[in-house]
Participant: 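A single structure is presented below for examination.
These figures come from a predicted structure and were not determined experimentally. Below, chains carry the letters A, B, ... as their sequence lines are ordered, and counting in each starts from 1.
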Protein chains: 2
Amino acid sequence: MARLQSREGRRRVSHSMESVLTEAVALLDEAGAPALTFRALAQRLGGGVASIYWYVASKDELLDRAADHVIGGVLADIEKLPVGDDPIDDLRTMALTLFDAIVDRPWLGAYFMRNTDVQGNSLLLYEKLGRQTLRLDLDARQRFHAVSAIVGVVVGSAVDMGQEPPQEVLDGAVDREEYLGRFAQRWRELDPEEFPFVHEIVDEFDGHDDVDQFRSALELTLTGLRLQAGG
Amino acid sequence: MARLQSREGRRRVSHSMESVLTEAVALLDEAGAPALTFRALAQRLGGGVASIYWYVASKDELLDRAADHVIGGVLADIEKLPVGDDPIDDLRTMALTLFDAIVDRPWLGAYFMRNTDVQGNSLLLYEKLGRQTLRLDLDARQRFHAVSAIVGVVVGSAVDMGQEPPQEVLDGAVDREEYLGRFAQRWRELDPEEFPFVHEIVDEFDGHDDVDQFRSALELTLTGLRLQAGG
DNA sequence: GGTACGATAGAACAGCGTTCGATGATGTGC
DNA sequence: GCACATCATCGAACGCTGTTCTATCGTACC
């Protein structure tokens with residue numbers, strides 16, 4: 001795709017929507033949201049800054065499309081999943097797949113399903129989730145709310161967990177374990193009379209597993225949903 | 001508090017942590033996250049930009065503290081609530097109070113409970129929520145997960161709903177109703193064969209009430225929790 | 001009254017998203 | 001083979017941002 005030619009002057013590089021999004025996501029994955037700048041992206045693509053504006057109208061649109069690009073991968077994974085007997089089991093599997101993608105990409109939460117005009121994959125994923133609720137004994141409103149609830153749990157948990165850690169963790173100077181441990185330590189020093197709950201759960205918090213935490217939250221919602229659908 | 005004096009030169013203005021946070025939150029509430037800049041804040045306080053740095057070390061810390069400032073109000077509201085017989089009913093009320101505060105402040109979701117060192121109110125709120133779970137028949141891990149789940153639902157729903165609308169809505173040129181209606185219309189034009197679920201719920205989506213949506217999501221989680229606690 | 005310190009502020013800096021105008025490359029009609 | 005419109009690219013500039021530097025003011029204390 002890259003045809004470059006020059007009489008003697010500087011190179012011209014030709015991109016494509018695909019390559020722009022791929023490199024944008026790569027930047028985000030490698031160094032987090034602040035690393036995605038038009039200048040950094042242009043350098044990676046070997047071109048000029050303004051060229052990117054031929055593909056997207058703004059940084060917001062770039063992130064919308066980058067998000068949808070990632071969701072495309074998630075969607076492909078989800079479509080590979082076997083269809084089970086129990087729609088709620090299928091919902092759980094799909095939610096977990098989505099969670100895995102978001103938890104490593106805190107920026108994704110804020111842009112998921114933000115503008116379905118340019119986010120065809122997100123809409124398809126939404127449809128895929130919703131289709132499971134069609135197999136349950138619910139009315140339209142309950143179905144709408146059910147999918148919203150599941151997406152809410154996924155996004156909420158992922159945002160809560162995946163927020164950009166301070167620089168020291170990103171650098172690798174301090175690992176996540178130790179970072180959490182510091183907070184735990186601070187919590188342990190609180191007055192037990194004033195903070196009985198914090199003391200109750202501090203050991204659980206210290207060194208806890210994000211996926212476990214998410215699974216539990218999801219399970220509560222799915223249990224509620226199952227009950228609503230009549231067992 | 002504001003003592004100003006000058007022989008003939010320019011005024012000097014004295015602030016306070018309180019006034020800095022109050023004005024910061026006011027800016028955020030009036031015009032959204034992008035409106036909070038150090039220059040805008042300084043002008044509002046009638047002082048210079050660099051003065052703000054005497055109170056906070058960075059914009060991140062400013063937002064951490066602003067978030068906690070708002071949560072302080074939420075906490076006060078929650079402490080006014082009567083203690084009921086059913087801890088789950090109390091959890092619902094508290095979650096709704098928290099939701100109300102976050103839904104109008106999308107930025108809050110991202111900064112809530114981010115750094116408990118400077119967010120004493122958030123920690124107190126977390127404790128308040130958690131204390132309800134102490135009245136339930138659960139183990140420590142379940143309690144930890146329960147509170148995480150509730151916070152996740154609140155933040156997830158609020159972030160999903162409250163994301164900064166495009167400029168036209170913020171200006172008031174287009175109201176929220178119409179903005180949602182546009183998406184609904186686009187959805188109605190999709191192929192019903194390919195998007196059966198979207199068609200099923202599009203009327204629910206169109207003109208839906210955010211609070212209803214959140215209540216439903218919360219109810220699913222609370223139902224699951226009640227079941228987990230043994231009815 | 002000098003002096004230390006709490007608090008304020010203007011100016012400058014690097015980096016950001018975005019816009020502008022110019023220019024290279026490409027495909028079409030003749 | 002050549003003009004021409006269009007697609008795509010790019011460097012430079014603009015206004016804005018968070019942040020830092022350095023200088024200064026005002027107050028309380030000995």
Participant: Please list each protein N or O that sits under 3.5 Å from an N or O in nucleotides 18-21 of chain C, with the distance.
Facilitator:
| unit_1 | atom_1 | unit_2 | atom_2 | d |
| --- | --- | --- | --- | --- |
| C/dT18 | OP2 | A/Tyr53 | OH | 3.0 |
| C/dT18 | OP2 | A/Lys59 | N | 2.7 |
| C/dT18 | O5' | A/Tyr53 | OH | 3.2 |

Participant: Any chance CD of A/Glu189 has more than 12 other-residue heavy atoms, nucleotides or ligands included, within less than 6.0 Å?
Facilitator: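 Enclosed: over 12 neighbouring heavy atoms sit under 6.0 Å from CD of A/Glu189.
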Participant: Does the distance from a Lys or Arg side-chain N to an Asp or Glu carboxylate O, for B/Lys80 and B/Asp77, drop under 4.0 Å?
Facilitator: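 Salt bridge flag = yes for B/Asp77 with B/Lys80.
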Participant: State which residues pass ring-ring contact (aromatic ring centres under 6.0 Å, His included) with A/Phe205; sequence neighbours excluded, sorted by chain then number.
Facilitator: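 Applying ring-ring contact (aromatic ring centres under 6.0 Å, His included) to A/Phe205 gives A/Trp187, A/His208.
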Participant: Is the phosphate of D/dA8 approached by A/Tyr55 (side-chain N or O, under 4.0 Å from OP1 or OP2)?
Facilitator: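 No, A/Tyr55 has no side-chain N/O under 4.0 Å of OP1/OP2 on D/dA8.
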Participant: Are A/Ile102 and A/Phe214 packed together at the side-chain level, in the sense that at least one heavy-atom pair is separated by less than 4.5 angstrom?
Facilitator: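 No; the side chains remain at least 4.5 Å from each other.
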Participant: Starting from C1' on D/dC10, measure out to CD1 on A/Ile52 and report it in whole angstrom.
Facilitator: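 One finds 11 Å between C1' of D/dC10 and CD1 of A/Ile52, rounded.
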Participant: Tabulated below should be each protein N or O lying under 3.5 Å from an N or O of nucleotides 4-7 of chain D; please produce it.
Facilitator:
none

Participant: So with a 6.0 Å cut-off around CD of A/Gln185, is the heavy-atom count from everything else above 12?
Facilitator: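 Atom CD in A/Gln185 is packed in, count exceeds 12.
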Participant: Are side-chain heavy atoms of A/Glu127 and B/Pro196 found at a separation under 4.5 Å?
Facilitator: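 In short, these two side chains touch, coming nearer than 4.5 Å.
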Participant: Taking atom CZ as the centre, does B/Arg44 end up with more than 12 heavy-atom neighbours from other residues, nucleotides or ligands that are less than 6.0 angstrom away?
Facilitator: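 Atom CZ in B/Arg44 is crowded, with more than 12 foreign heavy atoms closer than 6.0 Å.
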Participant: Whole Å only: how far is the CD atom of A/Glu61 from the P atom of C/dG17?
Facilitator: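 Rounded to the whole Å, the gap is 15 Å.
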Participant: Would you call A/Arg188 and A/Asp203 a salt bridge, using N to O less than 4.0 angstrom?
Facilitator: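 The answer is yes: the pair qualifies as a salt bridge.
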Participant: At under 4.0 Å between heavy atoms, what does B/Ser51 touch on the DNA or RNA strands: base, sugar-phosphate, or nothing?
Facilitator: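 Since a base atom lies under 4.0 Å of B/Ser51, the category is base.
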Participant: B/Leu63 has an atom CG; how far is it from atom C1' of D/dG18, in whole Å?
Facilitator: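 Computing the B/Leu63:CG to D/dG18:C1' distance gives 12 Å.
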Participant: Regarding B/Leu36, tell me which of base, sugar-phosphate or nothing describes its non-hydrogen contacts under 4.0 Å with the strands shown.
Facilitator: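 Touches sugar-phosphate only.
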